[in-house]
Amino acid sequence: MNYLQLRVLPLLALLASVLYYLYFQDSPALFERSDCSLFPYNHYWIISKRIVTPRGVISGAVEVKEEKIVSIIKEEDWHGDLKREQIIDYGEAVVMPGLIDVHAHLDDPGKTEWEGFPSGTRAAAAGGITTLIDMPLNSVPSTVSAETLKLKIDAAKKNIYVDVGFWGGLVPENAFDANSLEALLSAGALGLKSFMCPSGINDFPMTNSSHIKEGLSILAKYRRPLLVHAEIPQYSESYLEDAANDPRLYSTYLKTRPASWEEAAIRELLTVSKDTRIGGPAEGAHLHVVHLSDAGSSLQLLKQAKSNGDSVTFETCPHYLAFSAEEIKDGDTRFKCAPPIRDAANKEKLWMALLDGDIDMLSSDHSPSVPELKLLDEGNFLKAWGGISSLQFVLPVTWTHGRQYGVTLEQLALWWSERPAKLAGQDLKGGIAVGNHADIAVWEPNVEFELNNDHPVYIKHPSISAYMGSKLSGKVLATFVRGNLVYKEGKHAPAACGAPILAA
Ligand SMILES: NC(=O)N[C@H]1NC(=O)NC1=O
Ligand SMILES: [Zn+2]
Ligand SMILES: [Zn+2]
């Protein structure tokens with residue numbers, strides 16, 4: 001070692017430790033526990049008669065230490081010899097894995113007047129959601145590069161009350177630029193998302209199947225998914241005629257965006273999804289169709305692709321399961337979304353597909369805007385912003401409507417936690433199991449409430465939510481994120497101690 005090296009090495013080591021200190025100084029993990037959690041212990045037991053585990057519903061206790069679940073004790077093996085203050089007894093209330101919403105538009109940075117990380121994640125916590133995966137569009141800029149992902153992460157730090165991961169965008173600009181996509185994935189994007197129709201956002205143009213094929217080939221290396229908004233515009237003569245009809249009628253909007261748009265997109269997708277088969281050129285990549293609304297041909301095609309061995313999954317959203325076109329009042333643009341909410345017969349078929357196991361999971365597609373863009377006074381369905389605001393309500397909505405179909409607690413956990421965790425590559429989340437993060441939702445299935453102006457709602461613009469005014473059952477009592485009690489009966493922990501989730 002020469003003289004220069006002798007002098008420089010200790011300096012480098014010192015510099016590295018200063019940088020390390022500064023980095024972790026900035027990390028949310030350094031908040032005081034009392035700020036992060038409404039419960040003062042970091043080793044405690046959650047007791048309930050109904051704990052939903054991957055092995056069934058049990059009566060017993062979940063032992064939490066630091067941020068993890070360290071044991072699950074059945075009632076018959078429980079000796080109850082602990083200090084009482086380290087026990088939280090929820091009685092008959094359901095203790096379930098926290099919900100993982102793989103499809104939320106939090107609009108931060110750049111459009112925080114629409115939602116933002118603080119309000120969105122507080123709403124999530126109040127709704128039993130412990131992890132959100134943020135969509136790459138509706139914020140400014142869109143998340144389409146390593147640099148723009150960094151802006152997201154910086155905006156999220158110390159501003160999130162639940163854990164938040166990020167999808168990157170697959171757009172024409174980066175689709176054929178392997179270096180750019182690889183940089184985005186290496187920077188921690190959990191996967192990519194693209195649109196097959198105009199997204200409504202200028203810096204997020206739509207992709208065709210060639211872009212998607214390229215995207216899948218890169219994703220294969222990283223074993224991460226591509227999420228696709230599957231609608232391809234089919235501008236027929238009737239579309240143009242219908243567009244000239246009364247724009248206040250929901251039926252006008254519905255006709256302008258028929259199920260054939262979804263079907264066309266899915267047909268196109270299936271020409272590239274076969275690349276994901278074992279032995280195929282994109283083996284390791286995965287295709288996930290977001291917010292399926294058409295329970296007809298589109299659903300059948302997706303089922304077919306799965307049975308052919310394509311690595312494909314798909315989600316639907318509570319609004320397609322809760323509402324039908326027949327009920328939507330003319331001018332009530334709170335219900336405008338894309339693809340649209342279809343008729344009651346379609347809704348019934350979506351429930352059947354969910355119960356039969358054809359639909360893999362649920363997501364919110366929480367997509368708010370400022371109220372002005374919803375044009376509530378004018379009631380113009382063709383011009384209003386398309387997007388449903390629902391983040392805080394997805395658990396009670398799924399339960400209220402699902403219980404009529406005999407939905408079980410285990411099914412809720414599968415659709416809202418276990419499968420979404422797998423899609424997002426979160427091995428330590430999605431189930432109440434030893435070694436997993438202590439991400440837990442506690443809720444009371446039989447408590448009914450009305451979503452009126454007295455009800456505490458944390459999304460930024462409650463007035464644009466289609467759920468306001470409805471009566472729901474299933475009240476969230478408490479939410480734990482990595483062992484922190486972040487929400488309890490209308491109160492949030494003072495500090496935002498959620499962690500940004502980056503793919504390793
Ligand atoms: N840009 C955006 O959020 N679009 C979403 N809104 C909606 O209703 N469907 C979508 O894909
Ligand atoms: Zn979409
Ligand atoms: Zn969306």
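Both counts, for ligands and for their atoms, begin at 1 and track the order of listing. Quick caveat: nothing in here was measured; it's all calculated off a predicted structure.
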Give me the nearest non-hydrogen protein atom to [atom] as residue plus atom name, then the distance to 0.1 Å.
| atom | result |
| --- | --- |
| atom 5 (C) of ligand 1 | S367 OG, 3.9 Å |
| atom 9 (N) of ligand 1 | A338 O, 2.7 Å |
| atom 11 (O) of ligand 1 | H229 ND1, 3.0 Å |
| atom 6 (N) of ligand 1 | G386 O, 2.9 Å |

Taking the non-hydrogen atoms of [X], is any one of them nearer than 4.0 angstrom to ligand 1?
| X | result |
| --- | --- |
| W385 | yes |
| S199 | yes |
| H291 | yes |

Shortest non-hydrogen contact from L192 toward W167: N-CE3, 4.4 Å
query: Would you say H103 has an N, O or S atom lying under 2.8 Å from the Zn ion (ligand 2)?
result: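 False for H103.
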Whether W351 and Y405 hold their rings parallel, tilted or perpendicular, with breakpoints at 30° and 60°: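 Rings of W351 and Y405: parallel, as their planes differ by under 30°.
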- request: Look at the rings of F195 and H229 and say which category their plane angle falls in: under 30° parallel, 30 to 60° tilted, over 60° perpendicular.
  value: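 Parallel: the ring planes of F195 and H229 meet at under 30°.
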task: Taking atom types as modelled, find out whether K374 and S369 have a side-chain donor-acceptor pair closer than 3.5 angstrom.
output: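 K374 vs S369: no donor-acceptor pair found between side chains.
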Pair S119-E115, side-chain donor/acceptor within less than 3.5 Å: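 There is such a pair between these side chains.
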task: Measuring from the Zn ion (ligand 3), name the closest N, O or S atom belonging to D365.
output: OD1
message: For R342, run the salt bridge (charged side-chain N to carboxylate O under 4.0 Å, His left out) check against E326, E327, E262 and tell me which one passes.
response: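 Among E326, E327, E262, the one that satisfies the salt bridge (charged side-chain N to carboxylate O under 4.0 Å, His left out) with R342 is E262.
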- prompt: For the ring pair F449 and H455, is the centre-to-centre distance below 6.0 Å?
  reply: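 F449 vs H455: aromatic centres under 6.0 Å.
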- line: If we number the atoms of ligand 1 from 1 as shown, the ones under 4.0 Å from a heavy atom of F195 are 11 (O)
